[in-house]
Structures are given as structure tokens and as C-alpha cells.
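Letters A, B, ... are given to chains in the order of the sequence lines, protein chains preceding strands, and every chain is numbered from 1.
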Number of protein chains: 6
Amino acid sequence: MRLLVANANTTPAITEACAAAARAAAAPGTEIVPATPRFGPAVISSRAENVIAGHALLELLAEHAGKVDACLLAVSHDTALEAARQMMPCPVVGMTEAACLAGCMVGGRFGLVTFGGIETYRELVARHGLSSRLAGLAGVSATPHDAVADPEGVGVKVLAAVADLAAQGADSVVLAGAALAGFDRLLQARAPVALLDGMACGVRMAEMLVSLRLPKPRTGSYAACAGRASLDLSPALAALLRG
Amino acid sequence: MRLLVANANTTPAITEACAAAARAAAAPGTEIVPATPRFGPAVISSRAENVIAGHALLELLAEHAGKVDACLLAVSHDTALEAARQMMPCPVVGMTEAACLAGCMVGGRFGLVTFGGIETYRELVARHGLSSRLAGLAGVSATPHDAVADPEGVGVKVLAAVADLAAQGADSVVLAGAALAGFDRLLQARAPVALLDGMACGVRMAEMLVSLRLPKPRTGSYAACAGRASLDLSPALAALLRG
Amino acid sequence: MRLLVANANTTPAITEACAAAARAAAAPGTEIVPATPRFGPAVISSRAENVIAGHALLELLAEHAGKVDACLLAVSHDTALEAARQMMPCPVVGMTEAACLAGCMVGGRFGLVTFGGIETYRELVARHGLSSRLAGLAGVSATPHDAVADPEGVGVKVLAAVADLAAQGADSVVLAGAALAGFDRLLQARAPVALLDGMACGVRMAEMLVSLRLPKPRTGSYAACAGRASLDLSPALAALLRG
Amino acid sequence: MRLLVANANTTPAITEACAAAARAAAAPGTEIVPATPRFGPAVISSRAENVIAGHALLELLAEHAGKVDACLLAVSHDTALEAARQMMPCPVVGMTEAACLAGCMVGGRFGLVTFGGIETYRELVARHGLSSRLAGLAGVSATPHDAVADPEGVGVKVLAAVADLAAQGADSVVLAGAALAGFDRLLQARAPVALLDGMACGVRMAEMLVSLRLPKPRTGSYAACAGRASLDLSPALAALLRG
Amino acid sequence: MRLLVANANTTPAITEACAAAARAAAAPGTEIVPATPRFGPAVISSRAENVIAGHALLELLAEHAGKVDACLLAVSHDTALEAARQMMPCPVVGMTEAACLAGCMVGGRFGLVTFGGIETYRELVARHGLSSRLAGLAGVSATPHDAVADPEGVGVKVLAAVADLAAQGADSVVLAGAALAGFDRLLQARAPVALLDGMACGVRMAEMLVSLRLPKPRTGSYAACAGRASLDLSPALAALLRG
Amino acid sequence: MRLLVANANTTPAITEACAAAARAAAAPGTEIVPATPRFGPAVISSRAENVIAGHALLELLAEHAGKVDACLLAVSHDTALEAARQMMPCPVVGMTEAACLAGCMVGGRFGLVTFGGIETYRELVARHGLSSRLAGLAGVSATPHDAVADPEGVGVKVLAAVADLAAQGADSVVLAGAALAGFDRLLQARAPVALLDGMACGVRMAEMLVSLRLPKPRTGSYAACAGRASLDLSPALAALLRG
């Protein structure tokens, strides 16, 4: 199967890192197709950037409609996930959604660690209807640059956050944000509970959904668009809206 | 005060109708500044269109940043409302949010009537944290064209939905969707409970917020953007992200 | 318009302070009509006092039915708010309700600071259906007397509570309780998020509701009383129950 | 033990009927002390009446403070229950609360049947934190007069409501409202699930609480009042506020 | 009445201690019938043990079906409570459920103290639908052995937990776990709020339910089993499934 | 990988049917290991049977501990799922849990269709924390025997239920219960939304979890048992409790 790994920001290095993580996690028959939006924020760290990136991501997905078997949104905010699901003819998975649902199957409640602010992640978990499975959130004081320059130092902070969340009742912990990619492998042996990486979970969930061969709904708010007019959108995106 | 009435779709006739409704509702000193996005869906009636319109709306708002005292999003989906609040230096109000909050102050629980599908409105009310104040939703089987061609016939259907929601416990009913604009005045005398029009509520809520002169938060996820890099966005939008 | 500012305790000095705050917040055409109950607690700081004050407040409102355009309950517990709404022929607003709803339109979640116990405010926010919009509550250790004798000292404590709530995710903070009136102006410049004063929000929300000219519900639990018999109530109150 | 059965309306016939029901349900050693408020609504069927009755009920309870071992509020709205608990030195039980909690111990979810409007009962169950245990509410179209004039005819309507609630998942049904007193005995044999009478459950719950000999909280919002000043209240009520 | 006090673990000493506590709490006419399962865990302190004990407990109850007037499950996890209610012809009460519901009638919110992990108690309160009445949970670092060897030392830890929960808003505190039996009497005078013992509450709630003479539901998921086939169960248990 | 497909009832024909369904859904490298409990109910259709089956299932799993890579509980009630997760050294998946989580990734809300009573499934979805993702439940009036004797007739009923749930907002529908196995393939082409089969989803979710190689938690309520004593359990089960 061909799996589109769609970054939502315009930084190719992050796309490449996500694609590498996806390839490392994928089953033998899964081909990873990385892609970067044409426009939008360099990195998403605010509500406004996330909305802009939503359009950029849909434009990007539209170009691959019919050419891939599934899409993995390689952005920890699960940007435009519901819209992408409606629009695309194939399964679409969000990386944080995938990690949270994997956490559900680990059992009990999960925690979530990220760099910086946690409120939009609290809202994201609520948007997925999983607030009662969330034990807590922790925002580590570190930057993506720190994560590259001093992974061990940042790792110690992440481990402290994980231990704190476990003490609050977390039975697993989602690592959210591209900058935390790979920290699950670095830290797992020292962590008291399972660390959940969005790319790994997302790739496997996408494979799982493809294997189920579920049809698209013909009714309701996830049915494909048809007959929708628009102004000055990319040809592929406008075509998908027209149906 | 100058109030931007920002349509989120690209149909100028809807912008004009919204502006007229806003002017009819506004206090004497309120100047209505109507605006239409440069690109995007002609009408928003799907998840994908709503995401695209979010970007278009932010681009539109960015052009007016610093030139208006408040913004009213003239779109019943409260598209990109949270992002607009974060990005803009002035208060931003969503028309359905405004109607729902007015319904809270009417007392008890509100219902919501729209044309067509109701699920995204259910999610919208949940996104605003108001699910426990929602008595029910009703989707009337009619099109915007019907509303213009046969307002009395459509009005009878809307009244039936309102009566049904009142029987379910609604103490007021939000009329959601541009096509229902003006139906509150047409139907109020025949309705058992107050009918809430998003444009009227939104204009008055925006005036209320401006009068309170509240500062923007300096911390948290609603603080203004600063230092954010982006690719190929409109100059005004890119400038607001840079801060 | 004439706006009744109805205190719920029997201390005229608090009525006067609330009326002054209301006049400072009101639009030019709004006449503030202050009123104090005939009986009841000197200050409300317990569940029992709040229930007694509910009757006193309804008796007070009944005397003004038909003579004012709206009522603002000048009591941070939103005492008897739902009953007042049902009974009165005009809009009725609660000051803490108004501040919480304004906080919703600021965006995200709000916090609440008061003097002393916080549990009844937690219940109040739940009664308004807004628990998911509440980031936290803080009870400052100070008395109304302290607030007058050492406003700066108390202000420092309030600011600490505000900062703590902002760190918990509050994007705005409601100042609840008559003793905190005016502290928003004293402290706003030093606070990281907007401070919401119930009297200011309440006056503006009442003006907003009056401008909407919504009818009273004819059915349901907010419809006016009719034909209700009673024993030994004030003539005006008994008359309103009779309808 | 002496159990105060406190009516909240001013109709002595209802007090007597409640007292008779209480005596029928009480354990051998329980003395029923019936009482009727000095002022207030003849019957409570609106939000305004319920607030007025709250004061009347507290005044009534205050006269018996220290002279009874427990209080049962003989009013299906559980009027002023939390305030009464705070104020009184002995346990206080609400009749609908008692029936709902008994329903919890029957298992699963309970339904609730009343005459007329159901919305205030929906709020009451939410106020008790039991919304997730509520299968549904049904308002039978009948009056207290009907219940006396044609109990069998009304009983058929109540049974239909009970069957409907059982089909919605109710494992027991609370009969709420003085007018439904005794219908549990009339209808139980024909009902598919247990019918819960508030007076019977309330008397037994009050006996249960007295037997546990729990102390009053010394801190928090249920601690007794102390040092509270008031104006023109009954001597006994003013004395309890003073502590 | 005859009340079965059914331990869910296989340690007779705990059965005897529970029976003694039950006798101390019971009304004069209540005969306590203690019973211990034939197989299963010595003490329940994990999810797996709790599931195994569920079967053991049902087998034990089945032997007493028709011979007792009510059952009290003497296990703080309310093991198999819903199944026992369905299966048995008489009322069944869980000791922690009983304490939580008594806490509801004390007013406000309750806390819960136990030895060790708190997550399964959080789930238990949620299973009973009472999460909104829960102020907090505290796990004291002590073992059942400590409780016997150094009750005063353990008591100091428990009191600290109780005070902490009261500061979080608890108006009463449930003591959960057999090892905490009797600590309510030891510590009540020094605690700021009521301490709720599951055995005492459970015995009195069982007596209350028996006095109400409620019938078993004839429909729904709590109706008795009938015609169910099984393999290699105890004769009494198999007989109850057959109906 | 070796996947234990553990039936929870004692009917070998159902085990075989589940194993066949599992094999049809499994990836090439997955070996299905079917197993049937030694004792317990022939079919689980009541709360009591479900509790008994929980013990039987744990005993069955214990025999396979260390010999399989994952376990799929082939019982629509997700019997003893949390306990099995705690006890076993490998991932454990419930078939209805798996279908519900797959439904989450389809988008929006899911419905659930079963034969007979729906209340225990409502509780199951709540136990998984997914109530807000549940659009509705439907109990089709049919028996397992009908499903075999007249699949087309039963299928028409199931399709009607699916259409009704879709009209209530379901974007996918879980088919719950062994008797509905295979109906997804029979009916999918005629259904407006995706039909989710628990065995297919469960096999794929188990494969997904195995591929993630997540460690077992070392702390919390899902950590493995250690040092637990027990009486008269199967050797394998007792050994797992001892750790």
C-alpha cells in the first residue's frame, strides 16, 4: 500500500524526518510517500497558523487523491483531520489521534507530553472525545533546537514529566510534537510506562484501516463533497469539492 | 466604533445581506464594514469547505487589523473563531456563538434550527462548551433557494421545528445559517419562544465587548503571534504572524 | 433604558457602590435604578443566607416589574437568577453569569477569584453549564474590610491568584464578590490576562439583551406565572404570581 | 427519633397527607413531626414559587432546630436542600433526592414521572450529580385534582409513562410530586420496574442517616453559620445565622 | 431481617472483622450472616483478582439466595455488584457505594481515602455515576499490617489525607478498604468532616432497602436470569442462572 | 505472530466461528490460536453470566501466557478486558473496543446494533470513555437462531436499524454480538455507512499493537501482579498472580 505522509508545515526537513520515522515503523509492503505543503507556516505553534495550515494540508492531500491508499497527517495538532476524512476517498489518520487511541488499548488513562503550551492539546483530546481517558498534560520547557542540541538533557526533563504523569495515574504517555520524534526509543527503557510516538502509531493505524477495506459513508457529514463551487483554489482541491 | 462584518464564503450577495442585517441591528454609533474573502468556497456546507474558508477568513481579517474596533464572523459555523481571536488585536465574535450565549441569558436551554445536516452544529455547540445548555437540534428540509422563493412555506417548516424543540425543553431557539436570516422577524410572533438571529446577537455582543475595553492576554494560547515565519501567505497575514 | 441594579443583601452601602460601578460602566442612555431588599442577610456568605436573599430579591424585583427595562442582580452568587427570569417581564442578568459569558467570548477558559470559599462558585459555574470553560478557582485569604483598608496589599494577593490561574490555563479571570469591585481597574495593567468585573459585564449584557427585544417564552419553565395562590407575601410579589 | 416532615407550601392538607405517608413508611421508633410554613405559595409549580418557598422552609426548619433528630423536606423539588443542610444541626433529606439514591441502589438507571413540566426535574437530577443515572423523564398530562377524582384513569397514564421509561432503559421509576403520593402502592403490581415514592424513601433515608451519627462538618460550605447579621428575619432563623 | 455479609476474598479473619463491624452498626432486629468464598484471592488488590473474586462472590451469594433478606458485599471494590443485583432475589448493597451515597446526603462532595493505588477507586466512583460528587482521592502510604501494628501512626497519615481532601472541597470522606475499618471511630473527633465507613453505611442502607419492599424488575438488564445454560458451575449458581 | 482468540463462553461452535472470522481477517503472518473456557455460561446474555465468564476467561488466558504474542477477547462484552490487560504479558484487545476505536477513526460518531438489550452496551461504551462518540444504540428483535435460519430476514431488520442510527448521526455502525458475525459482509453494500465487525477490527488492532512493541507498565493499576496469594485457582492462574 501507498501511504501519504503529509506534513502540514512548509519545512521540508520536518517532512523528511517524519518520512524516515514512518519508514522505520511501516510494515514491509507499505510505501511511504512524503509531501510538504506549497504555502503556510514554517512551524505550527499557534491557533492562527493551525487554521492556515489546514487549507494548505487539504490542498496537498487533494493532489494525491486517488493515488494513495491512506493518508497520515504528520502534524501533532491533527490539523484539519475531520475535513480531510470527509474530502478524501481513502482513510486518513492523525498522528496524535492514533497515539491516543493506542494509549486506550494499552489500558487505563494516558498522559501527554509536549514542548511549551498544553491548552490546545487539551482541546484536541476533547475534540476526539477522549477527555475521560486523559490523566494529565505536561509542557516541558524546551525548544526543538534544544532537542537536537542536547537530547540527553531534554530527555531528562521529558522523563521527569512522564514520571509525574504516571504518578497522576497515566498508564501510558503520548509524546506530542515533531520535536519529540525519536524520544520514545531514547527514553523508553527508563520510563515507567509505555511512550507512544504519533508517527509509529499513525503508520500502523493507517495500515490497519486499509486492511479493513471500509467504504466511505454515503450520507452524513463525512460523505464526499459534490457539486460545490469555489473561487481561486488549486485545481485538484476545486475538483474534489465539485465531486 | 467600526465593526468588520466578515463573510467567510466568496458570495458577495451574502456579504451584502449580512451587512444589511448588521446595520439593522447596530447601535447608532456603530459603522458596519462588510468584507468578502478573496478565495474559497461559494457557500460553506461541508467540513472541507469550512477549513478552506478558515484560511480565507484569516487573510481577510488580517487586512483589517488595526483598522476596525471589532470583528463579527458572518458565518454560522463560527469558522476559525478561536484563531481569529488569537490573531487579531480587537474583539472577535462568532454569530452562532453570540446567539447561543444570548440564549443562555434568556434562560434554560436553547434549541437550534438549520437547513440540512445538524451534526456539525452539534459539534460547534460542544466546541463552545455549551452542550448541557442545548435542548436539541433540528434540520429543516429546505434549501436557501426555497427560503427566497417561498418564505412562508419554509417558515411553516421552521415553526414546526421550533415547536418541536420547545416541546423538547428549549426556552429559545437559535436560527443558524445565512439562509435563515430575517426569519426571526417573520416568525417571532407565531413562535412559543424567542428566536435568536446570529447577526443581531453578534453585532450587539461585539458592541458589548468593545465597551468593556478588555486587554488582549499576554500569555497563553490566545496571546498574539510573534516571530512566526511563513511561506507564500498574503502580506498582511504574514505580517500578523511575524507580530 | 432604565436598568434596575438590585442588591440581594440589606446593606445600603453595597447597593450604592454597585450603583456607582454600574453608572461608570453604562452607556449614555442607561439610567441606573438602585434598590435594596427590605429584609434578609447583611451580607451573603453561606448557603442559608443565599436562599433567604432569593426571596428578598424576588420581592424587590416584583416592586419594579413593568417600571424598568431590565434587571441586573448585583450579587456575585447570581441569587435566584432563574426564578427572577421566569417572574419578570423584562430581561434579567446575573453579574457573575455575565462575567463568565464575557470570558467565553474572550476565548478559551476563564478562572475565577474570590475572597474565601470557592465551592459555591464551582457549583454556580456548573449551574450555568460552563464547567468545561472553567480553568480553575482561587480563594484569596482576605476580608472585605482588608480590601478597603489595604487595597494594594490585597491586590498583590489577587494578582498572585490571577497569575496562578493563568498558569493553569485561564485566558481571562472573573473577579467575583462585591468586595472585589474596582480591583479590575486597579490591577488590570499588571495582570497577564483580562480581568472581568461582574458589574461592568452585567450592565453591558443587560443593554445588549434589551436591544435585542426578545419576547418572553409563552411555554416552558420560563413562562410567566399565572393563577398562583400564595399566603402572606408582599402585594407586588403575590400579584406577579397571580399573573 | 423525631423526624420533622416539613412541607414547603402553605397548604395544610398536603402537610397532613405527607405526614400520613411518612407515618406509614416509618420504623416503629420514629415519631413524625409535621409542619407547614407560615407564608409562601399554596403549591409550588414555578421557579419563582420555589425560591420563595426556600425562605419559608428555612424559617420553618429554624423553629425546630435542636428539637428534632432529622428533617425530611416534603417537597418534590428538594427546595433549599443544600441550605437546610448547612443551617441545621441534624441530617436533612430531600424526598426526590432520597428516591433517586434509592433508585441507584436498585441498579442501573432510574426514570422520573411527574405531572406537567419536566425541565426543572431534569435540572434537579443534574444538581444532585446524577444525570448519568437518569434514563428519562416523563410529564403526565394530569392535574392533582384529576389524581383525586380519577385515580384509576390517571394511573393508566402513569403506567404508560413508566412502561415508556422502562423501554428507554429505566430499571426503576421515581414518582415525583405530592399529587403522585400513594400511586406507587396503587400501580406497583402492574409496573415492570420498582416505583419509588419520595416520602417512603425519604423517611427511611433519614432514619439511616440518624443511625450513622455523623458529625457536622467544621469547615467548608456546609459548616454551620456563625456571626451572620440579618434584617427582619424570624427570631429563630436570625438566631441560627448568628450561630 | 437476615443480612448476608459476603466477603469477596478468602481470608476468614477479614470476614469475621467485617461481620463484627456489621453487627456493631446494625439495628436490633438485623441478624448478620457472614460468609467467605470457597476460592479466589486472599486479598483483592489488582484488577485480575477482582475479576476472579466476582465469580467467587456470585457463587457464594447463590448459596444464600432465598435464605437472606439482603446482601452486603463486604469488599471495598463493590465487586460484581451489578451482577449480584441482577442475580439475587433480594436487595444487594456495595459497601463503598453505600458510603458514597451517604456522602451525597451529607451534602456537597465527598473525598475517598485508601491504602495504595487510587485509580481503580476513581473508576468505581465513575461506574456509580458519581464523578461530579467526588472532590478527590488520596492513597495513604501504609499497609494493612501497618494499620494493625501502628494504628495511631497510620491514623496521623489518614488524618493528613482527610485534611487535604477537605481543603480540596470534600464535605465528607469515604474510608475505603477493609484495613481502614474502625478508623472512622478512632479519628472522627480529630477530622474536620464526617468520615464514612462502608460497613456501617452498607448495613444501614441494606436495612433501608429491605424496609422499602421494592419488587425486582421484570424487564431490562436487572431482571432475574431464566433458562441460562452453563458448564461446571456450582449447583446453586447454575440453578439461579436457569431461573 | 500468534494471536490467541479467546472465547468467553463454553460453546465450541462459537469459538470455531470466531476463529474462522479471525483467520479471514488476519494478515499473512498471523497464526490464530482459538481457545474455549473450561467452565461458565454457554452464552453470555446477562450481568451474572458476564462476571462468571470473566474468571473463566482469565483462567483460559493464563494457560497461554508467554505462548502467544497477543490476545483477542472474542466476546462482544469485552469481558474482563482491563483485568486481562493487567495480568497478561502481551497486548490484549476487546472486539467491541476495537470496533469502536476503528469507528472513531472513520470519523464522527458511531452507532451500535445488537440483538436484544442495549443497556449493557451503553455501559460498555461509557466504560471505554467513548460516550460522546456514540450516536445511538439499537436492539434488533431477533435471536441467534433467527440469524442462522433466516439471515436475509434478519439482515433487513439490521439494515433498518443501521439506517435509523445513520439518521441519528452515526457515521459508522458497530455490529455487536457473535450472532451478527459476517453480517457486515452480507449487508455492507446496502448500508449507508461503514459496518464494523469486532473480530476483523480486533485482529487488525492486535496486529497493530504487537508491531508497536510497547512495554508493559511497571507502575500503576496495569502493572503485572506479584506475590498475590490465592485459594483453589487453576495452577496457571495462581502462578500469574504470584508473578
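Using the six-membered ring where Trp is involved, H55(E) and H55(F) have ring planes that are tilted, between 30° and 60° apart.
In this structure, chain F has no heavy atom under 4.5 Å from any part of R85(E). The parts of S45(E) that come within reach of chain F are both its backbone and its side chain, each placing non-hydrogen atoms under 4.5 angstrom from that chain. Neither the backbone nor the side chain of T79(F) comes within contact range of chain E; no heavy atoms are under 4.5 Å apart. Heavy atoms of S46(E) lying under 4.5 Å from chain F belong to its backbone as well as its side chain. Heavy-atom distances place the side chain of L237(F), and not its backbone, under 4.5 Å from chain E.
A 4.5 Å side-chain heavy-atom check between L241(F) and I52(E) finds at least one atom pair inside the cut-off. In this structure, L57(F) and V51(E) have side chains that are not in contact, with every pair of non-hydrogen atoms separated by 4.5 Å or more.
Most heavy-atom pairs under 4.5 Å with chain E: of the set G116(F), A53(F), G40(F), this distinction falls to G40(F). Most heavy-atom pairs under 4.5 Å with chain E: of the set V43(F), N50(F), T120(F), this distinction falls to V43(F).
Atoms CD and CD, on E82(F) and E123(E) in that order, are 7.0 Å from each other to the nearest 0.5 Å. The OH atom of Y121(E) sits 12.0 Å away from atom OG of S221(F), with the distance rounded to the nearest 0.5 Å. Of the inter-residue distances, the one linking S230(F) atom OG with I44(E) atom CD1 reads 12.0 Å to the nearest 0.5 angstrom.
With sequence neighbours left out, N9(F) forms a side chain to side chain donor-acceptor pair (under 3.5 Å) with N7(F).
Checked by atom type and distance alone, the side chain of R228(E) never pairs as donor or acceptor with a backbone atom of P41(F) at under 3.5 Å. Here the side chain of Q86(E) pairs a donor or acceptor atom with the backbone of A48(F) at under 3.5 angstrom. With R47(E) contributing its side chain and A84(F) its backbone, the two residues share no donor-acceptor pair below 3.5 Å.
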